[in-house]
Trainee: 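Starting off with a structure, shown below.
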2 protein chains.
Amino acid sequence: MGRFPDSRFDKAADGGRDNPRATGAVRLSDVAAAAGVAAMTVSRALNQPELVSERTRERVQRAVIETGYVPNRVAGALASSRSKMVAVLVPTVAHSLFADVVQSITDTLAVEGYQVLLGLTGYQTEEEAAVVETVLSRRPDALVVAGTRHSEATRQRLGAARIPVVEIWDMSDDPLDMLIGFSHHAVGEAVADHLLGCGYQRFGQAMADDPRSHQRAEGFNARILAEQKARPDAGIKVTTHWAEIPATLVGGRTTAANVLAGMPDCEAIFCSSDTLAMGVIAEAQSRAMAIPEALAVMGFGDMSFAAATWPALSTVRIDGAEIGRLTAAHLLQRFGAGSPDPAHDIVDVGFEIVARQTTLSPRS
Amino acid sequence: MGRFPDSRFDKAADGGRDNPRATGAVRLSDVAAAAGVAAMTVSRALNQPELVSERTRERVQRAVIETGYVPNRVAGALASSRSKMVAVLVPTVAHSLFADVVQSITDTLAVEGYQVLLGLTGYQTEEEAAVVETVLSRRPDALVVAGTRHSEATRQRLGAARIPVVEIWDMSDDPLDMLIGFSHHAVGEAVADHLLGCGYQRFGQAMADDPRSHQRAEGFNARILAEQKARPDAGIKVTTHWAEIPATLVGGRTTAANVLAGMPDCEAIFCSSDTLAMGVIAEAQSRAMAIPEALAVMGFGDMSFAAATWPALSTVRIDGAEIGRLTAAHLLQRFGAGSPDPAHDIVDVGFEIVARQTTLSPRS
DNA sequence: CCTGATGATGTTAGCGCTATCATTTCGCGC
DNA sequence: GCGCGAAATGATAGCGCTAACATCATCAGG
């Protein structure tokens with residue numbers, strides 16, 4: 001009988017199935033037959049139980065267990081145009097900040113039966129375009145994407161998809177739809193502010209050569225330049241050096257060396273990531289420069305190891321889990337009934353400067 | 001104007017679309033109309049271009065761009081019973097080891113057009129069962145799951161799904177299908193061996209209370225007990241204390257305190273994770289115990305911070321990226337034509353003991 | 001009893017794609 | 001030209017589910 005040599009499904013399952021295209025799995029109609037109701041009733045019993053009488057619901061329940069039915073949401077999605085999937089596009093999950101975001105989005109959405117389709121975009125805009133197209137072909141009910149700089153093609157595709165879109169991780173003036181993140185520029189300013197408050201005057205930057213690090217660097221420079229203007233005689237200086245991506249400890253050492261070569265009396269180095277900062281610390285230690293007395297170091301990310309370095313790394317903490325939670329919450333609200341609410345659909349989650357031992361205490 | 005099967009679309013995308021269930025997106029048939037061919041030909045031009053003439057292929061290509069067509073793989077999956085999705089079930093991605101695995105699986109599969117459906121199972125077996133059912137309802141073409149201990153329900157569902165399954169992260173005697181991992185028991189033995197080789201005799205274990213840590217602890221104990229028998233007068237001792245999960249730095253401190261309370265002359269502590277190890281180090285430092293002279297510490301995982309602690313943490317390195325790569329490679333081979341090849345479908349990727357500064361050098 | 005509102009269930013017709021088979025076109029030797 | 005196998009293309013019929021509507025039961029109020 002047909003193409004299922006080992007169709008040893010014990011009973012009702014594939015009774016008269018001889019269609020070559022059928023998958024052999026238990027279908028809704030098999031459950032319906034077992035329960036003695038119509039397929040539609042089973043569908044309702046499972047998806048909108050409140051529309052079905054108690055008696056029927058129980059009967060269906062039993063039939064589902066008896067047959068071992070696992071719904072086919074592919075078919076369901078096609079029929080209803082709702083996939084209950086959310087695409088999440090991040091550069092990488094091998095970075096704890098993004099991992100935290102993905103984790104908390106997944107956890108929060110799971111409660112409502114939504115699942116995450118993961119897309120890794122790397123740090124290249126072209127790659128993002130390809131990934132966007134691929135994930136959109138799955139017809140997710142919404143899409144989350146890290147960053148606000150997208151190619152024109154991507155923007156168009158996202159617009160044409162007519163689904164909620166959340167941009168995370170950055171702030172921007174013209175979000176596609178929802179936006180949950182923080183200002184990298186403000187991070188740079190705040191770090192500069194903090195270091196100035198500690199009394200430093202000669203600054204270096206060891207930054208990874210990616211767009212967001214550029215924004216932080218700009219914020220930092222802007223604040224420093226303003227201070228230069230305010231106190232022209234104070235001898236405030238700043239120099240910026242770029243590290244290749246992906247950022248590594250070795251890259252941090254090299255970049256630190258570059259900074260110190262160009263500014264031997266540098267007092268404080270702001271790094272675009274904790275990883276680079278570790279490299280800077282290593283370089284300083286190799287030159288027997290005391291931290292933070294001879295050289296202060298500031299990282300970014302507050303990764304798990306930041307508190308464990310020696311000395312413990314001062315850094316900037318971002319609450320990735322909070323971004324994820326908010327993202328999921330906003331999406332669920334949209335899915336529910338919530339109409340777009342632009343006023344609340346842009347959230348700045350901010351950041352926190354964590355002063356540990358690689359920077360001096362601020363002067364009061 | 002009835003329900004339209006034969007209302008010919010002239011050309012412009014959704015000219016005569018009046019069906020209330022249609023999504024409004026560009027469909028294959030719209031592209032076909034634009035290109036002046038049948039829908040089936042467009043499908044072939046996109047999915048099996050070698051079956052279509054050069055001329056037609058180009059014509060279709062142009063029509064796709066012109067119409068902005070994004071394939072609907074939901075429909076495709078339903079029709080062909082191939083979803084080009086792989087479900088990946090891990091306890092968490094907020095742990096760098098699993099993040100590495102997910103990252104490399106995703107990257108490797110993406111090359112062949114497969115996408116990852118992410119399922120986070122937590123560390124509970126019941127949760128896993130629920131997640132398995134949910135992801136199977138998406139009809140993935142394969143499933144990857146961390147761990148080899150599954151509930152009976154899970155095992156049955158996975159069997160019934162008739163798709164390739166890869167268990168990763170552990171070794172086991174009776175894998176469901178493919179298996180790519182390492183032996184936690186062997187890790188414990190190897191660590192014990194290493195520490196014995198350094199001359200230590202009184203051992204503590206600070207282990208998270210999860211199944212895999214238990215296995216490592218058992219391996220460790222087994223090796224130690226064997227040594228006790230071999231050298232009954234050497235004064236070899238071992239004590240094990242359990243930390244609550246998830247493992248935290250604070251949990252490590254507490255557990256270390258427990259170990260030292262029970263065995264004040266403890267010389268070396270094996271921890272089930274680098275995170276716990278950091279806590280142990282912190283506790284030792286707070287008691288002014290010199291590391292590794294007064295107390296040696298061994299972690300597990302070689303997380304990014306392990307090399308950055310002070311002193312740098314000796315630990316066990318697992319190559320998560322390699323596990324991911326192998327997993328993806330095996331799946332792709334299965335998808336291709338590769339028949340099950342049991343001999344090569346069980347891979348022990350091993351592990352590496354990384355001796356840094358929290359353990360003494362082995363005696364030669 | 002009838003009426004009409006309400007709730008529960010059933011029937012039909014697709015969702016947008018691809019497997020399968022039927023048909024047309026092409027290439028080429030004679 | 002003709003015939004024939006191979007290549008290219010087309011027509012048809014679902015994949016398993018659910019939206020939309022139709023039908024059937026139930027029950028209160030008249």
Side-chain angles (χ1 to χ4, degrees), chain A residues 2-3 13-14 17-33 35-60 67 69-84 136-139, chain B residues 2-7 9 13-14 17-33 35-60 67 69-84 137-139:
Chain A
R3 315 168 57 104
D14 59 342
R17 201 88 71 78
D18 58 355
N19 185 310
R21 293 189 63 182
T23 55
V26 181
R27 295 157 307 177
L28 204 52
S29 60
D30 298 324
V31 178
V37 296
M40 194 61 231
T41 302
V42 177
S43 171
R44 273 194 284 256
L46 297 177
N47 300 318
Q48 311 169 71
E50 70 280 5
L51 293 182
V52 166
S53 75
E54 174 103 16
R55 219 175 73 85
T56 310
R57 209 182 312 148
E58 277 166 15
R59 211 125 57 93
V60 169
T67 55
Y69 176 62
V70 177
N72 184 333
R73 279 179 213 264
V74 175
L78 179 60
S80 67
S81 311
R82 278 178 294 101
S83 61
K84 286 231 159 192
L136 284 182
S137 74
R138 306 277 178 199
R139 300 294 188 265
Chain B
R3 297 181 80 92
F4 105 113
D6 51 6
S7 67
F9 309 106
D14 53 345
R17 201 85 74 80
D18 60 352
N19 185 307
R21 293 188 63 183
T23 55
V26 180
R27 297 159 305 178
L28 204 53
S29 60
D30 298 324
V31 178
V37 297
M40 194 60 233
T41 303
V42 177
S43 172
R44 273 194 284 255
L46 297 177
N47 300 318
Q48 312 170 75
E50 70 281 4
L51 294 182
V52 167
S53 75
E54 174 104 16
R55 221 174 71 87
T56 310
R57 210 182 310 148
E58 277 166 15
R59 211 123 59 90
V60 169
T67 54
Y69 176 62
V70 177
N72 184 332
R73 280 180 212 263
V74 176
L78 180 60
S80 67
S81 311
R82 278 178 294 102
S83 61
K84 284 230 158 192
S137 74
R138 307 275 178 200
R139 299 296 189 265

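Note that the coordinates shown come from a computational prediction; the quantities given were computed from them, not determined experimentally. Every chain is numbered from 1 and lettered A, B, ... according to where its sequence line falls, protein lines coming before strand lines.
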Trainee: Between the base of dG16(C) and the side chain of Arg21(B), is one N or O donor paired with an acceptor at under 3.5 angstrom?
Mentor: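 Flag unset: no donor-acceptor pair detected.
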Trainee: For Ser29(A), which residues count as a side-chain contact (heavy atoms from CB on, under 4.5 Å) partner, sequence neighbours excluded?
Mentor: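 If we apply the side-chain contact (heavy atoms from CB on, under 4.5 Å) test to Ser29(A), skipping adjacent residues, the hits are Arg27(A).
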Trainee: Please name all residues satisfying side-chain contact (heavy atoms from CB on, under 4.5 Å) with Glu54(B), sequence neighbours left out, ordered by chain then number.
Mentor: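 Applying side-chain contact (heavy atoms from CB on, under 4.5 Å) to Glu54(B) gives Arg57(B), Glu58(B).
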Trainee: Could you tabulate the donor-acceptor pairs under 3.5 Å formed by side-chain atoms of residues 37-48 of chain A, not counting sequence neighbours?
Mentor:
| residue | atom | partner | partner atom | Å |
| --- | --- | --- | --- | --- |
| Asn47(A) | ND2 | Ser43(A) | O | 3.2 |

Trainee: Using the C1' atoms of five pairs at each end, what's the angle between the two axes of the helix from dC1(C)-dG30(D) to dC30(C)-dG1(D), to 10 degrees?
Mentor: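 Here the local axes at opposite ends form an angle of 40°.
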Trainee: Using side-chain contact (heavy atoms from CB on, under 4.5 Å) as the criterion, list what pairs up with Arg139(B), not counting sequence neighbours.
Mentor: Ala25(A), Val70(A), Asn72(A), Val74(A)
Trainee: Which listed nucleotide (dC17(D), dA19(D), dG10(C)) is nearest to the side chain of Val37(A)?
Mentor: dG10(C)
Trainee: The side chain of Leu78(A) lies closest to which of these nucleotides: dC15(D), dC15(C), dG10(C)?
Mentor: dC15(C)
Trainee: Out of dC15(C), dA20(D), dT18(C), which has the shortest distance to the side chain of Ala79(A)?
Mentor: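 Closest of the options to the side chain of Ala79(A): dC15(C).
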Trainee: Any N or O donor-acceptor pair under 3.5 Å from the base of dG16(D) to the side chain of Arg139(B)?
Mentor: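 Not at all, since no donor on one side and acceptor on the other fall under 3.5 Å apart.
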Trainee: List the residues meeting side-chain contact (heavy atoms from CB on, under 4.5 Å) with Ala33(A), not counting sequence neighbours, and say none if there are none.
Mentor: none
Trainee: With a 4.0 Å limit, can you tell me whether Thr23(A) has a side-chain N or O closer than that to the phosphate oxygens OP1/OP2 of dG16(D)?
Mentor: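 It does, given that an N or O in the side chain of Thr23(A) lies less than 4.0 Å from OP1 or OP2 of dG16(D).
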